[in-house]
Amino acid sequence: MEIPARRVLVKDHGSRKLTAAMAAKDPRPRLAVLLVDEWSSYGAAADRKVREEMERLLRLIVQQGRALRIITLAATRKPDGNSVPYGIRDVLRQRSSWSSRSGSVCPRFWAHSGQ
């Protein structure tokens, strides 16, 4: 279901966001997941205008999706400012790094793992 359709559902339910209670009564606002694997490869393959539009749309989905039961998972091997634009990194609520070999990517993880 698209974001505009979910906005209509929110309005129909007289709320500002979709909730699990609403989903229990109405099957339309089920949880949705957007998975973007290797985000940096999409940007590297596109010209500047296309890349900027992709970033704008992903930012929009992440920002509005929280209230509309849309979870966004954006995966990349190196989540730094060169591979994932700061505009995207800033709106994602959580980050984790599983296969990086450098504390500069995820210093909190390395501090707790004893590396």
Side-chain angles (χ1 to χ4, degrees):
M1 189 179 287
E2 298 176 6
I3 286 178
R6 286 179 178 254
R7 281 195 206 122
V8 170
L9 282 174
V10 168
K11 195 172 185 177
D12 288 349
H13 284 277
S15 180
R16 295 186 67 204
K17 66 180 189 174
L18 293 175
T19 65
M22 288 177 199
K25 296 175 187 173
D26 184 344
R28 294 176 298 166
R30 291 188 185 136
L31 185 65
V33 178
L34 170 63
L35 175 60
V36 182
D37 190 21
E38 289 300 337
W39 168 260
S40 59
S41 65
Y42 294 108
D47 67 19
R48 185 182 59 80
K49 285 186 177 185
V50 171
R51 188 171 49 247
E52 288 172 357
E53 181 65 2
M54 287 173 25
E55 291 170 16
R56 185 189 73 76
L57 291 172
L58 185 59
R59 234 184 354 264
L60 179 74
I61 292 168
V62 171
Q63 289 171 333
Q64 294 183 13
R66 288 185 193 123
L68 301 173
R69 295 182 50 85
I70 300 171
I71 295 174
T72 304
L73 301 170
T76 186
R77 289 192 181 125
K78 189 175 180 188
D80 65 4
N82 294 327
S83 60
V84 180
Y86 290 109
I88 300 296
R89 287 180 52 200
D90 291 345
V91 296
L92 294 171
R93 287 193 145 175
Q94 294 182 342
R95 284 180 243 147
S96 64
S97 178
W98 297 332
S99 66
S100 66
R101 302 279 183 223
S102 166
S104 65
V105 174
C106 193
R108 185 180 301 158
F109 170 78
W110 286 98
H112 293 292
S113 68
Q115 298 292 325

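Computed over heavy atoms, backbone and side chain alike; hydrogens, waters and symmetry mates excluded.
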query = Can you hop from Met54 to Ile3 via hydrophobic side chains spaced under 4.5 Å?
reply = yes

One should read off an interatomic distance between Ile61 CD1 and Ile70 CD1, to the nearest 0.5 angstrom, of 7.0 Å

Side chain to side chain donor-acceptor pair (under 3.5 Å) pairs touching residues 49-59, sequence neighbours excluded, are Arg48-Glu52, Glu53-Arg56

By salt bridge (Lys or Arg N to Asp or Glu O under 4.0 Å), Asp12 pairs with (sequence neighbours left out) none

In this structure, CG of Leu73 is separated from CG of Leu35 (nearest 0.5 Å) by 6.0 Å

*Can you check whether Leu68's main-chain N or O pairs, donor with acceptor, with Arg6's side chain at less than 3.5 Å?*
yes

Output for pair (Gln63 CD, Leu58 CG), nearest 0.5 Å, gives 9.5 Å

d(Arg7 CZ, Gln64 CD) to nearest 0.5 Å is 4.0 Å

- prompt: Is there a side-chain contact between Met22 and Leu9 (heavy atoms, below 4.5 Å)?
  reply: no

Next on the checklist: Please tell me whether Leu18 and Leu34 are part of a single hydrophobic cluster in this structure, the criterion being side-chain heavy atoms less than 4.5 Å apart.
Outcome noted: yes

